[in-house]
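Please read the structure below before turning to the comments.
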Amino acid sequence: METNELVSLAKRGDSEAFGQLYDLFAQRIFRYIRLKIQNQEEAEDVLQEVFIKAYKGLSSLSLENLNFSAWLYRVASNTINDHFRKRYRTPEISAIDENFDMPGTVSVEKEVGVKLELEEARAAFEYLSPIYKQVLELRFLQDFSLDEIAKILNKSNLSVRLLQYRALKKVQIILKKNHDV
């Protein structure tokens with residue numbers, strides 16, 4: 001069944017349809033939350049809050065031209081912001097999973113080189129502004145299109161393209177500066 005059909009059913013009170021929406025989106029939303037919130041239990045709590053807010057927000061959701069995924073990510077983003085407002089601290093964002101699988105045939109030398117490159121990229125990522133981080137996360141870690149990111153951030157496609165360009169340029173400058181040192 002198509003996502004918008006499930007939304008329509010859930011909006012009419014069909015809890016099974018909302019359960020299917022949860023099954024479709026929970027993993028992706030959780031990964032997005034974990035990029036922002038390092039603590040597993042806090043991230044699970046935020047995920048639960050996202051779906052509670054989504055369920056409550058269904059009644060006021062317009063089905064016309066609906067991109068449910070973008071709307072749900074906007075709910076998640078707002079819920080994450082609420083979480084940090086409550087905690088009075090700056091979010092720590094981890095852009096790259098340290099536990100990724102390396103092929104068994106890679107030499108130790110290459111493995112160390114890859115690890116150093118990841119550390120450099122992570123360090124460069126920390127110098128970015130929150131909006132640059134968010135655009136790069138959505139684009140390259142969550143694989144959203146520019147149009148989807150524009151809807152999530154409530155910005156124009158051109159604005160998102162500019163933000164992405166500037167963020168990548170800044171990462172490039174940071175990495176170049178680190179190599180020159």
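The model shown is predicted, which means the values in this text are computed figures rather than measured ones.
In this structure, the side chain of Arg74 does not engage the main chain of Asn78 through any donor-acceptor pair within 3.5 Å. Between the side chain of Arg139 and the backbone N or O of Gln164 there is no donor-acceptor pair closer than 3.5 Å.
Using a 3.5 Å distance cut-off with no hydrogens or angles, the side chains of Arg161 and Asn157 do pair a donor with an acceptor.
At least one side-chain heavy atom of Ile37 sits under 4.5 Å from a side-chain heavy atom of Phe84. Proximity of Glu148 to Lys151: side-chain heavy atoms (C-beta onward) are nowhere separated by under 4.5 Å.
Rounding to the nearest 0.5 angstrom, the gap separating the OH atom in Tyr55 from the OG atom in Ser15 is 6.5 Å. How far CG of Asn4 is from CD of Glu64: 11.5 Å, rounded to the nearest 0.5 Å. Rounding to the nearest 0.5 angstrom, the gap separating the OH atom in Tyr132 from the OH atom in Tyr165 is 11.0 Å. The line from OG of Ser8 to CG of Asp14 is 10.0 Å long, rounded to the nearest 0.5 Å. Taking OG of Ser60 as the reference point, atom NZ of Lys11 lies at 7.5 Å (rounded to 0.5 Å). Atoms CG and CZ, from Leu138 and Phe144 in turn, are 6.5 Å apart once rounded to the nearest 0.5 Å.
Following chains of ILVMFWY side-chain contacts shorter than 4.5 Å, one can reach Leu66 starting from Leu9, so the two form part of one hydrophobic cluster. Leu61 is connected to Phe51 through a chain of hydrophobic side-chain contacts under 4.5 Å among Ile, Leu, Val, Met, Phe, Trp and Tyr, so both are in one cluster. When hydrophobic clusters are built by joining Ile, Leu, Val, Met, Phe, Trp and Tyr residues whose side-chain heavy atoms come closer than 4.5 Å, directly or via intermediates, Leu63 is grouped together with Leu6. If you chain together hydrophobic residues whose side chains sit under 4.5 Å apart, Leu35 and Tyr127 never meet in one group.
Ile52 belongs to no multi-residue hydrophobic cluster, having no ILVMFWY side-chain contact under 4.5 Å with any other such residue.
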Test Asp82 against Lys53 for salt bridge (charged side-chain N to carboxylate O under 4.0 Å, His left out), laying out the working first. CA-CA 12 Å; Asp82 291 345; Lys53 287 180 179 182; 2.7 Å; yes
side-chain contact (heavy atoms from CB on, under 4.5 Å) between Lys169 and Arg166, intermediate numbers included: CA-CA 5 Å; Lys169 200 69 169 161; Arg166 291 175 182 157; 5.5 Å; no
Intermediate values then yes/no, side chain to side chain donor-acceptor pair (under 3.5 Å), Glu44 and Gln48: CA-CA 6 Å; Glu44 289 170 356; Gln48 180 179 356; over 6 Å; no
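Exactly one of Leu136, Leu168, Ile131 qualifies for a side chain to side chain contact (heavy atoms under 4.5 Å, CB included) with Leu163. That residue is Ile131.
Contact record, Arg34 with Ala43: CD-CB, 3.5 Å, taken as the closest heavy-atom pair. The two residues Ala54 and Leu72 make their nearest non-hydrogen contact at CB-CD1, 3.7 Å. Nearest heavy-atom pair across Val160 and Val135 is O-CG1, 4.2 Å. The two residues Thr79 and Glu49 come nearest to each other via the heavy atoms CG2-CG, 3.7 Å. Heavy-atom minimum distance, Ala167 versus Leu128: O-CD2, 3.9 Å. Taking every heavy atom of both residues into account, Lys36 and Glu137 meet most closely at NZ-OE1, 2.8 Å.
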Enumerate donor-acceptor pairs with a distance under 3.5 Å from any side-chain N or O in residues 16-32 to protein atoms, sequence neighbours excluded.
residue: Tyr32; atom: OH; partner: Gln134; partner atom: NE2; Å: 2.9

